[in-house]
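Please find one structure pasted underneath; my questions will follow.
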2 protein chains.
Amino acid sequence: MSQKLEQLSKNQQIVLNLIEKAKGPLKAYSILYNVQKKGIKAPLQVYRALEKLIKIGKIHKIESKNAFIACNNSECEISNATAFSICDNCEHVKEIKNAKLSKYLSNFHDNSGMKFKKYNLEFFGLCKNCKLKQ
Amino acid sequence: MSQKLEQLSKNQQIVLNLIEKAKGPLKAYSILYNVQKKGIKAPLQVYRALEKLIKIGKIHKIESKNAFIACNNSECEISNATAFSICDNCEHVKEIKNAKLSKYLSNFHDNSGMKFKKYNLEFFGLCKNCKLKQ
DNA sequence: TTATAAAATGTTATATTATAACAAACGTTA
DNA sequence: TAACGTTTGTTATAATATAACATTTTATAA
Ligand SMILES: [Zn+2]
Ligand SMILES: [Zn+2]
Ligand SMILES: [Zn+2]
Ligand SMILES: [Zn+2]
């Protein structure tokens, strides 16, 4: 199994494939269940792949849901500036691509003397579909 | 034990007292350990108090840390617009009070037709202290 | 006051999420 | 080849959070 610098390992690729074809964020143990037929047997194998995929920006963790979603933003390879919209009703999650927002937040600083290198923003509300139904 | 509308119950008050006098965010089981002398014995008693305190805006959950911090912002009683700065080194956490930021984010909307009712923003970096030491 | 509904409590058990520790195999580079 | 870092496999366990049910307390109002 050849593996160049920028390539993913076997387990990493298996986990990424699953997350990329999913319609929404997946939980770690749901991933585990779904990749057992591929030979991944233990939680750690999943968590290690997730850790790497997050590090290289292929996926993100939705912190409020303990779930993992494929990156939808070619610009955030470093994964240090993420924003999501999350529907409170159907749990639909979407990564927000908005240059103005990311510029605003990347340049933001408070009065504490702290330099921010990374941020994660989660918006909650009702998606268009769920709004109509109510 | 009398209890008016806006007052907290016994367990809620015990948990809130602990969180308010803490220097930083506390984890649920650390809270449990520290309130056992007050008669709170089980995780669920802590989690139920936390749930209520979050709901009324007295505390917030730091999602990336699974920890709970007292609200530092008299204006966010409803707890629907929160922002924090988190030091990657010493884990110091501070709630950001910034009218411009909260106005910007409260008015933000993307092109999905979704109306945001709530957001949570976490900034990461090195605090002033930790920056000096490196 | 008495009925009643809502909120909070107490308790046991269990579900869910995540990491520790260690040995072995693989990939890259010299 | 040797050396090094990364990835893997495996077992066990830690840490975080909720389900289910019985009971008690509080608020509201008939
Ligand atoms: Zn992304
Ligand atoms: Zn929805
Ligand atoms: Zn607050
Ligand atoms: Zn620091």
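Please read all numbers here as calculations on a predicted model, not as lab measurements. Naming convention: chains lettered A, B, ... in sequence-line order (proteins, then strands); numbering from 1 in each chain.
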**Prompt:** Are OP1 or OP2 of C:dT11 and a side-chain N or O of B:Lys41 less than 4.0 angstrom apart?
**Reply:**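 Checking C:dT11 against B:Lys41, a side-chain N or O does come within under 4.0 Å of OP1 or OP2.
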**Asked** Quick one: is A:Ser9 getting a side-chain N or O under 4.0 Å of the C:dC26 phosphate, OP1 or OP2?
**Response** no
**Asked** Does A:Lys10 place a side-chain N or O at less than 4.0 Å from the phosphate oxygens OP1/OP2 of D:dT8?
**Response** no
**Request:** Indicate, yes or no, whether a donor-acceptor pair under 3.5 Å links the base of D:dA14 to the side chain of B:Tyr29.
**Result:**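 Such a pair does not exist between side chain and base.
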**Request:** Using atom CZ of B:Arg48 as one end and atom P of D:dT23 as the other, report the distance to the nearest whole Å.
**Result:**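 Taking CZ of B:Arg48 and P of D:dT23, I get 15 Å after rounding.
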**Message:** For a quick check of understanding: with a heavy-atom distance under 4.0 Å over all strands, which category does B:Lys65 fall into, base, sugar-phosphate or nothing?
**Reply:** nothing
**Single hit among A:Ile40, A:Leu26, A:Leu44, A:Val15 for side-chain contact (heavy atoms from CB on, under 4.5 Å) with A:Leu32** =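 Among A:Ile40, A:Leu26, A:Leu44, A:Val15, the one that satisfies the side-chain contact (heavy atoms from CB on, under 4.5 Å) with A:Leu32 is A:Ile40.
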**Message:** Rounding to an integer number of Å, can you tell me how far B:Lys38 NZ sits from C:dT9 C1'?
**Reply:**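 Going from NZ in B:Lys38 over to C1' in C:dT9 covers 18 Å.
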**Request:** Give a yes/no on whether any side-chain N or O of A:Lys52 is located under 4.0 angstrom from OP1 or OP2 of D:dT6.
**Result:**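 False: A:Lys52 side-chain N/O out of range (4.0 Å or more) of D:dT6 OP1/OP2.
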**Request:** Could you state the atom-to-atom distance from CD of A:Gln13 to P of D:dT6 in whole Å?
**Result:**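 It works out to 20 Å between those atoms.
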**Item:** Greater than 12 external heavy atoms within 6.0 Å of B:Glu51's CD
**Value:** no
**Prompt:** Between atom CD1 in A:Ile31 and atom P in C:dA18, what is the gap in whole Å?
**Reply:**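 A:Ile31 atom CD1 is separated from C:dA18 atom P by 10 Å.
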**Request:** Using the closest heavy atom to pick a nucleotide of DNA chain D for each, name whichever of A:Asn66 or A:Leu44 lands nearer the 5' end.
**Result:** A:Leu44
**Prompt:** Do the side-chain N or O atoms of B:Lys27 get closer than 4.0 angstrom to the phosphate oxygens (OP1, OP2) of C:dT17?
**Reply:**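 For C:dT17, OP1/OP2 do not have a side-chain N/O of B:Lys27 under 4.0 Å.
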**Message:** Rounding to an integer number of Å, can you tell me how far B:Asn11 CG sits from C:dT11 C1'?
**Reply:**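 Rounded to whole Å, this separation is 13 Å.
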**Message:** On the nucleotide C:dA8, are OP1 or OP2 found under 4.0 Å from the side-chain N or O atoms that B:Gln45 carries?
**Reply:** no
**Prompt:** Does any non-hydrogen side-chain atom of A:Asn98 lie less than 4.5 Å from one of B:Asn111?
**Reply:**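 They are not in side-chain contact.
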**Message:** Please determine whether a side-chain nitrogen or oxygen atom of A:Tyr47 lies at a distance below 4.0 Å from atom OP1 or OP2 of C:dA18.
**Reply:** yes
**Prompt:** Roughly how far, to the nearest 0.5 Å, is CG of A:Leu50 from CG of A:Leu16?
**Reply:**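 Taking CG in A:Leu16 and CG in A:Leu50, the distance rounds to 10.0 Å.
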**Asked** How close or far is atom C1' of C:dA8 from atom CD of B:Gln12, stated in whole angstroms?
**Response**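 Taking CD of B:Gln12 and C1' of C:dA8, I get 7 Å after rounding.
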